[in-house]
2 protein chains.
Amino acid sequence: MAKAAKSITPPEKVNDETLRAHVGYHMKRAFNIVQADLTLTLKPFELRMLTYTALALIVGNPGLSQAQLAQAMGIERPNLVVIVDELERRELIVRDKVPTDRRAYALTATLAGRRLFGKANAAVIAHENRLFADMDDATRATLTDALSRIRKQEKT
Amino acid sequence: MAKAAKSITPPEKVNDETLRAHVGYHMKRAFNIVQADLTLTLKPFELRMLTYTALALIVGNPGLSQAQLAQAMGIERPNLVVIVDELERRELIVRDKVPTDRRAYALTATLAGRRLFGKANAAVIAHENRLFADMDDATRATLTDALSRIRKQEKT
DNA sequence: CATAATAGTTATAAGGCATATCTGTTATTG
DNA sequence: CAATAACAGATATGCCTTATAACTATTATG
């Protein structure tokens, strides 16, 4: 009974029974933790989740257009612009003109970009191994599979 | 081959193999979908995820203080103020003075608040059943359990 | 060719979240 | 017990994420 002290009004422990009945509640709580840890993990590389994700997709899809990238990231084009701006300014990627379509840019990672991504990605893998340390591979696979099966509903 | 059209540069389908190796990536994608659907679900009640959550916790913990609520929701006190303001303005909750501690407020849901929450919560349950329709109860339990086992790491 | 559609951009706004700071109030402690 | 620390709530402020509207330049279409 360390510091029982002065319990203001009702319970010391807040009852969240109603919310715990919802899967989405657990998803949010878990993701908050993962996200916070990921932010710390990426900080040494001066990357945020969004810039890391964009860089990952550009590295894995050389020549990608901004519209494709925005679509893949599930964000709107205007919001992607500043992300691509930042990666370009840091010379991690280049915006090349597409000869066959002068409206579009072909995004490609530079050598520095690929190198930084390699290091950042290794850190992210370590971060995940740390966070999911007490979760065996089978459970981890089940978790991943269950999550990836959640899909948008068709609007009948 | 419906609309193959004019494939700008590289693939039609963006390769996110690297990202798919991370559980957090699947968590974010899945949560985005759940969150978007939840927003639509709560709209008829003029609730957002945060106001719904706050209301749920106040209904389930009558007399809760704002500090306790903020801590339970994992947000900072200043951000809770506006949420509680909104619920109070809509007369879904009341801020009662705590006689034993004149600094604190005891939050309690009004009858209208409890009624609205009842309806909203039923809608949220329906929303989850819809989203997780193709997931059997065992998988759903495994998912919930795996998610709730993700914990903040001790900073050795 | 006129019009629509597309790629990228700019401007703008709203929501979510954090920090610093302030006012009262309560707790601690020398 | 008076001085100080700690706490509850509130205000101000700023950053990040995301969305929409509207603009330019270019390409596609009827």
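Lettering follows sequence order; numbering is per chain, from 1.
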>> Protein within reach of the bases, or only the backbone? For nucleotides 9-14 of chain C, mark each nucleotide 5' to 3' as B, S or -, using heavy atoms under 4.0 Å.
In response: BBB---

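Between the CD1 atom of A/Ile75 and the P atom of D/dC16 there is a distance of 15 Å, given to the nearest Å. Between the CD atom of B/Gln71 and the P atom of D/dG9 there is a distance of 13 Å, given to the nearest Å. Atom CZ of A/Arg102 and atom P of D/dT24 are 18 Å apart (whole Å). In this structure, the CG atom of B/Asp101 is 17 Å from the P atom of D/dA6, given to the nearest Å. Atom CD in A/Glu76 sits about 6 Å away from atom P in D/dT20, given to the nearest Å. The distance from atom OH of B/Tyr52 to atom P of C/dG16 is 16 Å, rounded to the nearest whole Å. Atom P of nucleotide D/dG9 and atom CG of B/Leu64 are separated by 9 Å, given to the nearest angstrom. Between the P atom of D/dA8 and the CZ atom of B/Arg103 lies a distance of 6 Å, rounded to the nearest Å.
The heavy-atom pair separating B/Arg77 from B/Ala70 by the smallest distance is CD-CB, 3.8 Å.
Shown here are the salt bridge (Lys or Arg N to Asp or Glu O under 4.0 Å) partners of A/Glu86, two or more places apart in sequence or in another chain: A/Arg48. With sequence neighbours excluded, the residues that form a side-chain contact (heavy atoms from CB on, under 4.5 Å) with A/Thr142 are B/Thr142. Shown here are the side-chain contact (heavy atoms from CB on, under 4.5 Å) partners of B/Thr39, two or more places apart in sequence or in another chain: B/Gln35. Applying the salt bridge (Lys or Arg N to Asp or Glu O under 4.0 Å) test to B/Arg151 and every residue at least two apart in sequence or in another chain returns nothing. The side-chain contact (heavy atoms from CB on, under 4.5 Å) test applied to A/Ile33 returns A/Leu131, B/Ile150, B/Lys152, not counting sequence neighbours. Looking at residues two or more places apart in sequence or on another chain, you find a side chain to side chain donor-acceptor pair (under 3.5 Å) between A/Arg149 and A/Asp145.
Within the nucleic acid shown, B/Leu50 comes within 4.0 Å of sugar-phosphate atoms alone, with no base atom in reach, counting heavy atoms only.
Comparing A/Arg48 and A/Pro99 by the nucleotide of DNA chain D whose heavy atom lies nearest to each, the residue mapping closer to the 5' end is A/Arg48.
Residues B/Met27 and A/Met27 have side chains not in contact (no heavy-atom distance under 4.5 Å, counting atoms from C-beta outward).
The stretch residues 20-37 of chain A has no heavy atom under 4.0 angstrom from DNA chain D at all.
The list of salt bridge (charged side-chain N to carboxylate O under 4.0 Å, His left out) pairs with a residue in residues 29-44 of chain B, not counting sequence neighbours, reads B/Asp37-B/Arg130.
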